[in-house]
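Here is the structure we will look at, set down as structure tokens.
Chain A is the first sequence line, chain B the second, and so forth, proteins listed ahead of strands; every chain is numbered from 1. Any value given below was found using the heavy atoms of this structure, including those in side chains, with hydrogens, waters and symmetry copies removed.
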Number of protein chains: 2
Amino acid sequence: MNKLRTVIVDDHPIVIEGLKTLLSNEDNLEIVGTFSNGAELLSYFNSNPVDLVLLDVTLPDIGGMELCKLVKEESPDTIILIVSNHTERSIIMQTIQNGANGYLLKNSSLDELRQCIAEAVKGNICYSKEVMEIISRPTKNELRGIPQLTRREKQILYMLAQGKTSQNIAQELFLSSLTVDTHRRNLMQKFEAKNVAELIAAGHQQQLL
Amino acid sequence: MNKLRTVIVDDHPIVIEGLKTLLSNEDNLEIVGTFSNGAELLSYFNSNPVDLVLLDVTLPDIGGMELCKLVKEESPDTIILIVSNHTERSIIMQTIQNGANGYLLKNSSLDELRQCIAEAVKGNICYSKEVMEIISRPTKNELRGIPQLTRREKQILYMLAQGKTSQNIAQELFLSSLTVDTHRRNLMQKFEAKNVAELIAAGHQQQLL
DNA sequence: TGAAAAATACCTAAAAACCAGTAGAAAAAA
DNA sequence: TTTTTTCTACTGGTTTTTAGGTATTTTTCA
């Protein structure tokens with residue numbers, strides 16, 4: 001196993017130095033670059049392989065959310081760990097939805113950081129303790145964000161995820177395929193999805209599948 | 001919160017009695033039926049609401065796997081907990097893929113059972129301790145089952161999950177849409193998926209998304 | 001350096017999905 | 001018993017996907 005080629009992206013020099021120092025003695029990773037904004041990261045990223053990105057959410061130019069997406073599109077295997085001060089549940093969830101592999105607060109200990117990296121390498125999503133607490137208490141507002149599906153819609157979502165076509169489903173449920181299409185459309189609207197692919201992805205992210 | 005309308009499906013009368021007795025003092029659930037095969041369950045299920053199914057994998061008629069699917073298609077909210085003796089990883093994973101919400105071995109304690117039900121009600125998938133151990137040590141054979149994707153394929157899978165069309169992706173990556181189509185086809189072949197919906201679902205189940 | 005794997009690109013045609021709107025019947029909630 | 005929601009179904013059209021192929025050019029790596 002090679003050392004993880006690691007970069008740090010944060011607009012606070014102190015944080016960069018802090019992380020750098022903390023991680024300087026880790027023998028499973030190597031810090032190959034530090035950047036104070038998104039553009040710098042992207043330009044480096046275009047010509048160099050990166051295994052691990054420690055990323056702040058608030059950056060002067062491109063937001064951390066957007067960066068997550070861009071990085072993951074370019075290189076889905078690159079691990080992104082968010083290191084941020086934001087404690088809002090919605091922000092945490094959003095970063096994960098955009099492809100981040102974990103979320104830490106800036107006051108995390110080296111141990112937590114180490115552990116998160118290890119988990120992320122294994123392919124798991126990992127939160128520091130405090131973050132874990134935040135996300136494990138759901139809010140009403142949060143719930144409002146999850147589309148409320150009718151029984152039929154859930155059923156059809158479920159069958160879609162199994163690769164069934166509208167006609168298949170219509171036959172199995174003794175419906176017109178036009179009806180199934182309508183449900184499907186309503187589902188896509190509720191999830192703000194452009195097509196089935198996104199619908200299924202959203203369903204999974206919402207833990208409905 | 002009403003009591004969970006619970007049914008037990010197992011072809012061993014002893015197991016049925018055992019579970020019944022174990023759960024008789026639980027005040028959050030009520031056993032409304034016990035069946036010794038799949039057909040019985042289905043016929044009951046067609047005319048009665050069921051919140052929780054305790055299901056054996058090996059049944060004389062319809063397999064537990066198939067039952068999972070059928071039940072979930074009819075009523076995605078119904079919780080299915082597998083109570084089985086099978087310790088093969090592949091079987092465990094398959095039941096979960098077919099929609100089961102948890103997997104217990106028959107030697108589980110009442111406590112574990114209770115806990116599993118509670119977790120499943122929360123929407124989590126839950127395994128008893130021993131099962132947890134089994135599934136947390138991946139085998140080589142297991143790994144072979146996970147499609148090996150090329151970088152490009154992963155990238156395109158990722159973008160598909162965001163609802164992008166082949167053309168969208170082609171534009172973003174400066175490719176011909178025909179190329180993207182080919183990748184997409186190869187992806188579907190590797191995942192044995194019939195269409196994007198199933199592809200994305202499989203990607204999620206394989207933790208690639 | 002040579003073979004294998006990956007990435008790229010093309011053709012055709014049918015099938016399926018998607019868009020935008022409407023609307024009646026049934027069931028659930030007020 | 002209204003009102004609202006859910007489920008149902010339709011028209012008519014456009015776009016995208018999918019299924020059969022084939023085939024060249026890069027990379028990668030032994």
Side-chain angles (χ1 to χ4, degrees), chain A residues 2 46-49 73-77 144 146-203 208, chain B residues 2 46-49 73-77 144 146-203 208:
Chain A
N2 288 330
N46 271 331
S47 39
N48 302 277
E73 277 179 17
E74 260 311 306
S75 152
D77 280 337
R144 219 172 287 148
I146 299 176
Q148 285 304 312
L149 303 186
T150 67
R151 184 162 310 167
R152 231 356 172 214
E153 283 168 347
K154 279 185 203 170
Q155 190 179 27
I156 284 171
L157 175 62
Y158 198 83
M159 294 171 89
L160 283 172
Q162 297 185 335
K164 297 184 177 160
T165 64
S166 293
Q167 267 118 329
N168 283 340
I169 296 172
Q171 273 174 12
E172 284 191 45
L173 302 180
F174 305 104
L175 294 175
S176 154
S177 71
L178 299 160
T179 306
V180 177
D181 273 346
T182 305
H183 286 305
R184 183 202 273 259
R185 262 200 300 173
N186 293 337
L187 276 167
M188 291 201 293
Q189 204 174 13
K190 286 191 181 180
F191 281 96
E192 298 175 52
K194 288 185 289 298
N195 52 36
V196 233
E198 203 180 355
L199 175 64
I200 303 301
L208 295 172
Chain B
N2 288 331
N46 271 332
S47 39
N48 303 277
E73 278 176 12
E74 261 311 305
S75 152
D77 282 339
R144 221 172 283 148
I146 298 176
Q148 285 304 313
L149 304 186
T150 67
R151 185 161 308 171
R152 233 351 174 215
E153 284 168 346
K154 279 186 204 172
Q155 191 179 24
I156 285 171
L157 176 62
Y158 199 82
M159 294 171 89
L160 283 173
Q162 297 186 333
K164 295 180 177 161
T165 64
S166 294
Q167 271 165 6
N168 283 341
I169 296 173
Q171 274 173 12
E172 283 190 45
L173 301 180
F174 304 103
L175 295 175
S176 153
S177 71
L178 298 160
T179 307
V180 177
D181 275 347
T182 305
H183 286 306
R184 183 203 273 256
R185 268 200 290 173
N186 293 338
L187 275 167
M188 291 202 293
Q189 203 174 15
K190 286 190 182 180
F191 281 96
E192 298 176 54
K194 287 185 290 298
N195 52 35
V196 232
E198 203 180 354
L199 174 63
I200 302 302
L208 296 171

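The side-chain hydrogen bond (donor to acceptor under 3.5 Å, both in side chains) test with S166(A) is passed by exactly one of R184(A), H183(A), Q171(A): R184(A).
For L175(A), the side-chain atoms get nearest to dT8(D) when compared with the rest of dT8(D), dT17(D), dT22(C). Of the candidate nucleotides dT16(D), dC19(C), dA9(C), dC19(C) has the atom nearest to the side chain of M188(A). Set against dA17(C), dC7(D), dT17(D), the side chain of R152(A) has dC7(D) as its closest nucleotide. Minimum atom distance to the side chain of S176(B) is reached by dC10(C), of the listed dC18(C), dT18(D), dC10(C). Nearest nucleotide to the T182(A) side chain, out of dA9(C), dA20(C), dT8(D): dT8(D).
Using modelled atom types, one side-chain atom of K190(A) and one backbone atom of Q148(A) make a donor-acceptor pair closer than 3.5 Å. At distances below 3.5 Å, at least one donor-acceptor pair connects side-chain atoms of N195(B) with backbone N or O atoms of E198(B).
Put simply, CG on L187(A) is 14 Å from C1' on dA17(C), counting in whole angstrom units. Whole-Å rounding puts the K154(B) NZ to dA5(C) P distance at 18 Å. If you take CG of N195(B) and C1' of dA19(D), they are 13 Å apart, rounded to a whole angstrom. Taking atom CZ of residue F174(B) and atom P of nucleotide dT8(C), one finds them 13 Å apart after rounding to whole Å. Going from atom CG of N168(B) over to atom P of dC18(C) covers 13 Å, rounded to whole Å. Here the P atom of nucleotide dT18(D) and the CG atom of L178(B) are 15 Å apart, to the nearest Å. For the pair D181(B) CG and dA19(D) P, the computed distance is 11 Å after rounding to whole Å. Q148(A) has its CD atom 13 Å from the P atom of dC7(D), to the nearest Å.
Looking at which nucleotide of DNA chain D each of N186(A) and Q167(B) is closest to, the 5′-most match is held by N186(A). Heavy-atom nearest nucleotides on DNA chain C were determined for G163(A) and for S177(B), and the one closer to the 5' end corresponds to S177(B).
OP1 and OP2 of dT8(C) both lie 4.0 Å or more from every side-chain N or O belonging to T179(B). Applying the 4.0 Å criterion to OP1 and OP2 of dA5(C), one finds that T150(B) has every side-chain N and O outside that range. Side-chain N/O atoms of H183(B) include none lying less than 4.0 angstrom from OP1 or OP2 on dA7(C). Within the 4.0 Å cut-off from OP1 or OP2 of dA6(C), not a single side-chain nitrogen or oxygen of R151(B) is found.
Side-chain contact between I169(B) and L175(B): absent, with no pair of heavy atoms (C-beta onward) separated by less than 4.5 Å. Side chains of I156(A) and L173(A) form a contact here, defined as non-hydrogen atoms less than 4.5 Å apart. Side-chain contact check for I200(B) versus L157(B): some heavy-atom pair is nearer than 4.5 Å.
Nearest heavy atoms, A202(B) versus F191(B): CB-CD2, 3.5 Å.
With hydrogens and angles ignored, a donor-acceptor pair under 3.5 angstrom links the side chain of R185(A) to the base of dA20(C).
For the atom pair Q167(A) CD and D181(A) CG, the distance stands at 8.0 Å (nearest 0.5 Å).
Comparing the end axes of the helix from dT1(C)-dA30(D) to dA30(C)-dT1(D), each fitted to five base pairs by superposing C1' atoms of four pairs onto the next four, gives an inter-axis angle of 80° (nearest 10 degrees).
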